[in-house]
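To start, the structure under review is shown below, and the notes come after it.
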Amino acid sequence: MDKGKFPISKKITLLIVVVLIATIAGLVYAFQGDSGPGPRVVLEKYMNHWEHGDYASMYELLSANAKQKVTKKEFIKKHESIAKGIKQRKIQLKLEKSPEKEVETIPFSSQMETGTVGVLSFKNRAKMVEDDEGWRVAWTPSLIFPQMKEGDRVGVLRTAPGTRGEITARNGEPLAVNTKKTAVGMVPNEVLDPEKTCRELAKALNRDPQTIRNRLKEGEKKDPNRFIPIQVFNGKGGEQVDTLKKISGVSAQDASVRVYPQKDLTAHITGYIRPITKEQLKKYKEKGGYQPGDWIGHRGLESDLEERLRGTPGWKVVISREDGKQKAVLGETPSKNGEDIQVTIDLKTQAQLYRGIKNDKGAGVALHPQTGEILAMVSAPSYDPNQFIHGLSQAEWSRISGPDQPLANRAKLTYAPGSTMKPITAAIGLDTKTITPDTSYNTDEGKWQKDSSWGGYYVTRVDNPGGGVDLAKALAWSDNIYFARVGLKIGAAKTIDYYKKFGFNAKLESLGMTPSQYSNDNKLDNEILLADTSYGQGQLLVSPLHLAAMYTTFANEGDMIKPYLLMDPDHKGKRVIWKKKVITPDTATQVQELLRGVVELPKGSARDLKTAGVDLGAKTGTAELKASKDDKNNRQLGWLAWMAGKKGEKPDLVVAAMVDEVQDRGGSHYIFPSVKKMLAERYR
């Protein structure tokens, strides 16, 4: 081989290397330029900062000319306020392909996930310039949204709240419903030509144009983004509403009025709605998009199920001019109506139970003992929730806010239960085998104390027909002394253990029930307190709702059923056990028979309730509200708990009812006439 000469293969290899070097150099030049990273690299870096919310670093990549037009503080604030306003959760930016020679205008796509209108997607173009610092972004507001120009603002507006869900009873009867109405009107900032819009709307409605102009101006001063109703139509308004909506700047919204057809009968179940308060607005504004003037649930299901009933408001993201007029809608979501709710309440049972207490202070709960469905839940005095919609008179407000507390749902509040707790003591005694049905005590003397250590304190009882008293007679005659002695024999530890099994101190979150207590400090380490507690006094506090639930134990072989009010698909008549195997099936059967004895035995305290064709077990109770034996306060609570069904069939009703201030009115027997009538109507 001659010196200085290369083989052909080596020449080809060298040529390829040279070409590759030239190609790479060209690509580097295309993306780097003479003074640093190329425009696409810079823009990609800018977008990466944007995706991470690093607006300060974005600003550093702006051109010198752009920085003269917008300060760093203004730049950061604009991006932060837009992201916060639309509730931006995530932003994704992507460079699109562009011609190789087109380096100064680069296309890209943007996707913004928002908490208001879902995903905002758009195509855009970024202008790049080369200055002393290299390639930089020639920023203008249109880089955020293509339609945006200098002076424009991005706003998030709520369009409509959605129709509130309705509440119905188990058979579909209305409890809280909407009288359908549609309002036609304007949002001031959506009206580009107020004069023309008002003139056309006035002509279509045969109204004075000046009156409509004044309404629009008044609304614009208060809140230019809030809907101003001009005309309200029944129902959906038909073709006339459709015609009016064609006028530029005119829109329609739901203007339904809440109605409570059952009035005071179901007020404590439904509650009511009222305009939102300033305090509530602070609490709910971020969570649910509430605005001044919105209605919100107060008390009852209207409050407990506010999120489900209210529905979702509609939203739109708009670009507005400096004068506030809208110029573009970036995205919009329609409103969603609230959820309709059906409850387990049987209106016939509700009316029957309410009839006996409506003129008093009291409460009552009726459960289906096999399923736990709340068939009735009443409280008195009551109120008409419709008055909160149409406006309360001063006299009615004084009554509602007065000492009788008509707004309180007494069915869920706790009171001294009196002798209605004696069946619980009997169940504990039998279940622990501390006593048998034959266990007897002679209580002829009418007062008793364990020993002299009790000092001057005695347990007393009502008149004894005479002779020894076994368990059946003790329950039928409501013998305090008998159950005080049984309670001491059971002992504090076992009593507390069983009270917990029966649900004392437990919460029913879904029903908002006040937990029952057996003592103020959750102890029964005092013999006198234990004795008093065992016959239903002491520091015992029980709600009618919980007492009814405890009595379901006797109808379900020892399982205590969980009460429920909402007829959800998961329930629909299915039993849900709250406390399993509280007592044995044998004990449950024995107590159920003992309760029948209160009605069937001679001189039984509930014998007057005996009804033909009805299998009935009951327990009366009169609780004295005294701080001590010497307390002159004579206030009494009259209780009645009962379990009923057709003769020969399983019980289909468990009820616990209480009336306050029954002293000198027959005590627990005060509500006997209404209960007797209820039994006759239900089982005839």
Side-chain angles (χ1 to χ4, degrees), residues 37-99 101-114 116-131 133-157 189-190 192 225 315-332:
R40 291 180 71 89
V41 173
V42 172
L43 182 58
E44 193 167 27
K45 188 176 181 181
Y46 177 90
M47 290 178 173
N48 184 58
H49 292 320
W50 195 352
E51 289 178 338
H52 290 85
D54 187 356
Y55 305 125
S57 295
M58 288 168 62
Y59 186 79
E60 298 307 319
L61 296 176
L62 266 55
S63 67
N65 185 48
K67 288 180 179 178
Q68 289 179 353
K69 294 180 179 180
V70 60
T71 66
K72 186 175 184 178
K73 184 177 180 181
E74 292 170 339
F75 180 86
I76 293 173
K77 184 178 180 181
K78 181 177 285 291
H79 282 79
E80 286 180 341
S81 63
I82 290 174
K84 182 179 179 181
I86 65 175
K87 295 183 180 179
Q88 180 180 301
R89 296 168 178 164
K90 185 179 181 181
I91 181 170
Q92 289 181 301
L93 303 157
K94 181 182 178 182
L95 291 177
E96 302 290 348
K97 292 181 179 180
S98 61
K101 295 181 179 179
E102 191 175 332
V103 295
E104 295 184 354
T105 304
I106 303 174
F108 69 94
S109 61
S110 173
Q111 276 197 335
M112 295 181 180
E113 291 183 17
T114 76
T116 51
V117 294
V119 177
L120 291 175
S121 300
F122 56 87
K123 302 286 187 181
N124 209 341
R125 302 181 76 84
K127 186 177 180 181
M128 308 296 293
V129 296
E130 192 173 19
D131 57 24
E133 296 184 22
W135 285 100
R136 291 292 182 263
V137 180
W139 186 86
T140 65
S142 64
L143 199 61
I144 304 176
F145 296 112
Q147 305 95 322
M148 198 171 178
K149 295 181 179 179
E150 269 318 320
D152 287 349
R153 297 177 181 177
V154 176
V156 179
L157 307 179
N189 274 351
E190 294 181 0
L192 298 177
N225 292 314
W315 297 95
K316 62 181 178 180
V317 177
V318 301
I319 293 178
S320 301
R321 305 182 315 211
E322 282 187 280
D323 61 4
K325 301 301 180 184
Q326 293 178 20
K327 59 179 286 188
V329 177
L330 298 175
E332 187 170 5

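Just so it is clear, the structure is predicted and the values come from calculations on it, not from any experiment.
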With a 4.0 Å cut-off, would you call E60 and K72 a salt bridge?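 Answer for the salt bridge query: yes.
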
What's the spacing between [X] [atom1] and [Y] [atom2] if we round to 0.5 Å?
X: R136; Y: L43; atom1: CZ; atom2: CG; result: 12.0 Å
X: E332; Y: T116; atom1: CD; atom2: OG1; result: 11.0 Å
X: I86; Y: W315; atom1: CD1; atom2: CH2; result: 13.0 Å
X: L93; Y: H49; atom1: CG; atom2: NE2; result: 12.5 Å
X: S57; Y: H52; atom1: OG; atom2: NE2; result: 11.0 Å
X: M148; Y: K327; atom1: CE; atom2: NZ; result: 9.0 Å

Do [X] and [Y] make a side-chain contact, defined as non-hydrogen atoms from C-beta onward lying under 4.5 Å apart?
X: L120; Y: Q111; answer: no
X: L61; Y: K45; answer: yes
X: P141; Y: D152; answer: no
X: V318; Y: L330; answer: no
X: I144; Y: I82; answer: yes
X: T114; Y: V119; answer: no
X: F122; Y: Q147; answer: no
X: I319; Y: Q326; answer: no

Atom of [X], atom of [Y] and distance for their closest heavy-atom approach:
X: L95; Y: F108; value: CA-CB, 4.2 Å
X: P37; Y: V42; value: O-CG2, 3.9 Å
X: L143; Y: N124; value: O-ND2, 3.4 Å
X: L192; Y: K325; value: CD2-CB, 3.8 Å
X: S98; Y: P107; value: CB-CD, 3.5 Å
X: A66; Y: V137; value: CB-O, 4.3 Å

Aromatic ring proximity W50/Y55, centre distance under 6.0 Å: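 No; Y55 has its ring centre 6.0 Å or more from that of W50.
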
Check whether [X] reaches the backbone of [Y] with its side chain - one donor and one acceptor, N or O, closer than 3.5 Å.
X: E113; Y: I91; result: no
X: E51; Y: N48; result: no
X: Y59; Y: V70; result: yes

Tell me, with the steps shown, if M112 and K90 meet side-chain contact (heavy atoms from CB on, under 4.5 Å). CA-CA 6 Å; M112 295 181 180; K90 185 179 181 181; over 6 Å; no

Side chains of R125 and S142: donor-acceptor distance under 3.5 Å anywhere?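 The criterion, which ignores hydrogens and geometry beyond distance, is not satisfied for S142 and R125.
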
Considering the options K94, E96, K123, Q92, which one meets the side chain to side chain donor-acceptor pair (under 3.5 Å) requirement together with S109?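 Output: one option passes, namely E96.
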
Would you indicate whether Q88, at its atom CD, is surrounded by more than 12 heavy atoms from other residues, nucleotides or ligands within a distance under 6.0 Å?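 Yes - once you tally the heavy atoms of other residues, nucleotides and ligands closer than 6.0 Å, there are more than 12.
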
Kindly check if the number of other-residue, nucleotide or ligand heavy atoms within 6.0 Å of NZ (K127) is above 12?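 Atom NZ in K127 is not packed in, count stays at 12 or less.
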
Can you check side-chain contact (heavy atoms from CB on, under 4.5 Å) on M58 and D54, steps first, answer last? CA-CA 7 Å; M58 288 168 62; D54 187 356; 5.8 Å; no

Start with the C-alpha distance between T105 and M128, add both sets of side-chain angles, then the distance that settles side-chain contact (heavy atoms from CB on, under 4.5 Å), and finish with yes or no. CA-CA 6 Å; T105 304; M128 308 296 293; over 6 Å; no

V129 vs N65, test: side-chain contact (heavy atoms from CB on, under 4.5 Å). Steps then yes/no. CA-CA 10 Å; V129 296; N65 185 48; over 6 Å; no

On the 0 to 90° scale, with breaks at 30° and 60°, tag the F75-W139 ring pair as parallel, tilted or perpendicular.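 Ring orientation of F75 relative to W139: perpendicular.
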
Could you list the residues that satisfy side chain to side chain donor-acceptor pair (under 3.5 Å) with E80, not counting sequence neighbours?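 Checked E80 against side chain to side chain donor-acceptor pair (under 3.5 Å); zero matches.
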
